[in-house]
There are 2 protein chains.
Amino acid sequence: MRDPEATLRQHDLPVTAQRIAVLRAVSGHPHATADDLTASVCGDLGTISRQSVYNVLNVLTDKGIIRRIQPADSPARYEDRIGDNHHHLVCRSCGRTEDVCCAVGEAPCLKAHSHHGFKIDEAEVIYWGTCPACQKKKRS
Amino acid sequence: MRDPEATLRQHDLPVTAQRIAVLRAVSGHPHATADDLTASVCGDLGTISRQSVYNVLNVLTDKGIIRRIQPADSPARYEDRIGDNHHHLVCRSCGRTEDVCCAVGEAPCLKAHSHHGFKIDEAEVIYWGTCPACQKKKRS
DNA sequence: TCATTATTTTTGACAAAGTCCAAAACTCGG
DNA sequence: CCGAGTTTTGGACTTTGTCAAAAATAATGA
Ligand SMILES: [Mn+2]
Ligand SMILES: [Mn+2]
Ligand SMILES: [Zn+2]
Ligand SMILES: [Zn+2]
């Protein structure tokens, strides 16, 4: 994120210290949880309420400025890499989350075979596996 | 599920009324939540504790007798259609969940492009959209 | 610049989904 | 039918997030 303040103005959002700090935290910590981000913002602003973190994350997500991903058995994670339809690779044991480029490119990147009359707008793909560190731990 | 009791014995699980009832409920209500299943079991057994429903669902899932799916913004859902690597199509507004055959067939059905050294064991795909009923509601 | 007004932030209660724990009930092999 | 080992139960607890009302702040424009 080049300029959080400009980004907020571009989306007609009043500029506040909390919004700037959360936006910077999301930028600097891809796939972080609300808790991670709260910690990061506190190290920056000194303090922020839990509710404000959720408020800001919700409004930024609604505006499409950031993206929320919600893998099973994990609190929601956030990132500012948007618009490229990329997917995620998640470690089953430690939750480490990595970006995976979409092979197809444009969304929705997969056609559902039998779609039951649904109007499909997204094909969400999560690759599940074990990260290198956790593979080592398991073997030892 | 032909014979819940036999299935339990095949997996060395003591046969209990609760397990049989939950297994039958999962069979009869694909993609039901723990709450849905509790209601269904109560109509069958008369009563069951909330904890038992979770106990049974967990042990059945661990043994691979049933499968758990956890779409965003929904409690976990369960099904006994396993081993065919099928995917799901979920309505964003009402949560209706339908099966979608996997185009590829065997798991993992997609190769991650850049896999960061992870050992991938599953490619989970969820198609998000709007079901016919909710499309109609939105238009009107 | 400063007052006004709408928006945001904060605090604290609340809710949903699920887990932990210990006591009571049950299953199953002998 | 007994006894050991599981399972079930009820209740407290945890995690992640939302709701609501009061206090603080940002934008507007005189
Ligand atoms: Mn990402
Ligand atoms: Mn299914
Ligand atoms: Zn890991
Ligand atoms: Zn629907």
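Throughout, a chain's letter reflects where its sequence line sits, starting with A, and its residues are numbered from 1.
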Asks: Between A/Tyr54 and D/dG17, is there a contact of a side-chain N or O with OP1 or OP2 at under 4.0 Å?
Replies: yes
Asks: Tell me, for nucleotides 6-16 of chain C in 5' to 3' order, what letter each nucleotide earns: B for a base near a protein heavy atom under 4.0 Å, S for only sugar-phosphate near one, - for neither?
Replies: -SSBBBB----
Asks: Would you mind reading off the distance between B/Leu60 atom CG and D/dT7 atom P, rounded to a whole angstrom?
Replies: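 Nearest whole value for this atom pair: 11 Å.
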Asks: Apply salt bridge (charged side-chain N to carboxylate O under 4.0 Å, His left out) to the pair B/Glu5 and B/Arg19, showing each step before the final yes or no.
Replies: CA-CA 9 Å; B/Glu5 191 169 330; B/Arg19 282 174 176 167; over 6 Å; no
Asks: What is the separation between atom CZ on A/Arg68 and atom P on D/dT16, rounded to the nearest whole Å?
Replies: 15 Å
Asks: Quickly work out the B/Leu8 CG to D/dT7 P distance and round it to whole Å.
Replies: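 That distance rounds to 11 Å.
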Asks: Do the side-chain N or O atoms of A/Asn58 get closer than 4.0 angstrom to the phosphate oxygens (OP1, OP2) of D/dT18?
Replies: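 Affirmative; the distance criterion is met.
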Asks: Please report the distance, rounded to the nearest Å, between CG in A/Asp35 and P in D/dT16.
Replies: 7 Å
Asks: Quick check: does any side chain N or O of A/Ser52 sit under 3.5 Å from a backbone N or O of A/Ile48, one acting as donor and the other as acceptor?
Replies: no
Asks: Round to the nearest Å and state the distance from B/Leu57 atom CG to C/dT19 atom C1'.
Replies: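 It is 14 Å, rounded to the nearest whole Å.
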Asks: How close do A/Asp80 and A/Val26 get, counting heavy atoms only, and between which atoms?
Replies: N-CG1, 3.8 Å
Asks: Return yes when atom NZ of A/Lys119 has more than 12 non-hydrogen atoms of other residues, nucleotides or ligands closer than 6.0 Å, and no otherwise.
Replies: no
Asks: Who are the side-chain contact (heavy atoms from CB on, under 4.5 Å) partners of B/Arg81, not counting sequence neighbours?
Replies: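 Result, side-chain contact (heavy atoms from CB on, under 4.5 Å) vs B/Arg81: B/Glu79, B/Asp84, B/His86, B/Asp99, B/Cys101.
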Asks: Expressed in angstrom and rounded to an integer, what is the separation of B/Leu37 atom CG from C/dG18 atom C1'?
Replies: 15 Å
Asks: I'd like to know if the side chain of B/Thr38 pairs up with that of B/Asp35 as donor and acceptor (distance under 3.5 Å, no hydrogens or angles considered).
Replies: no
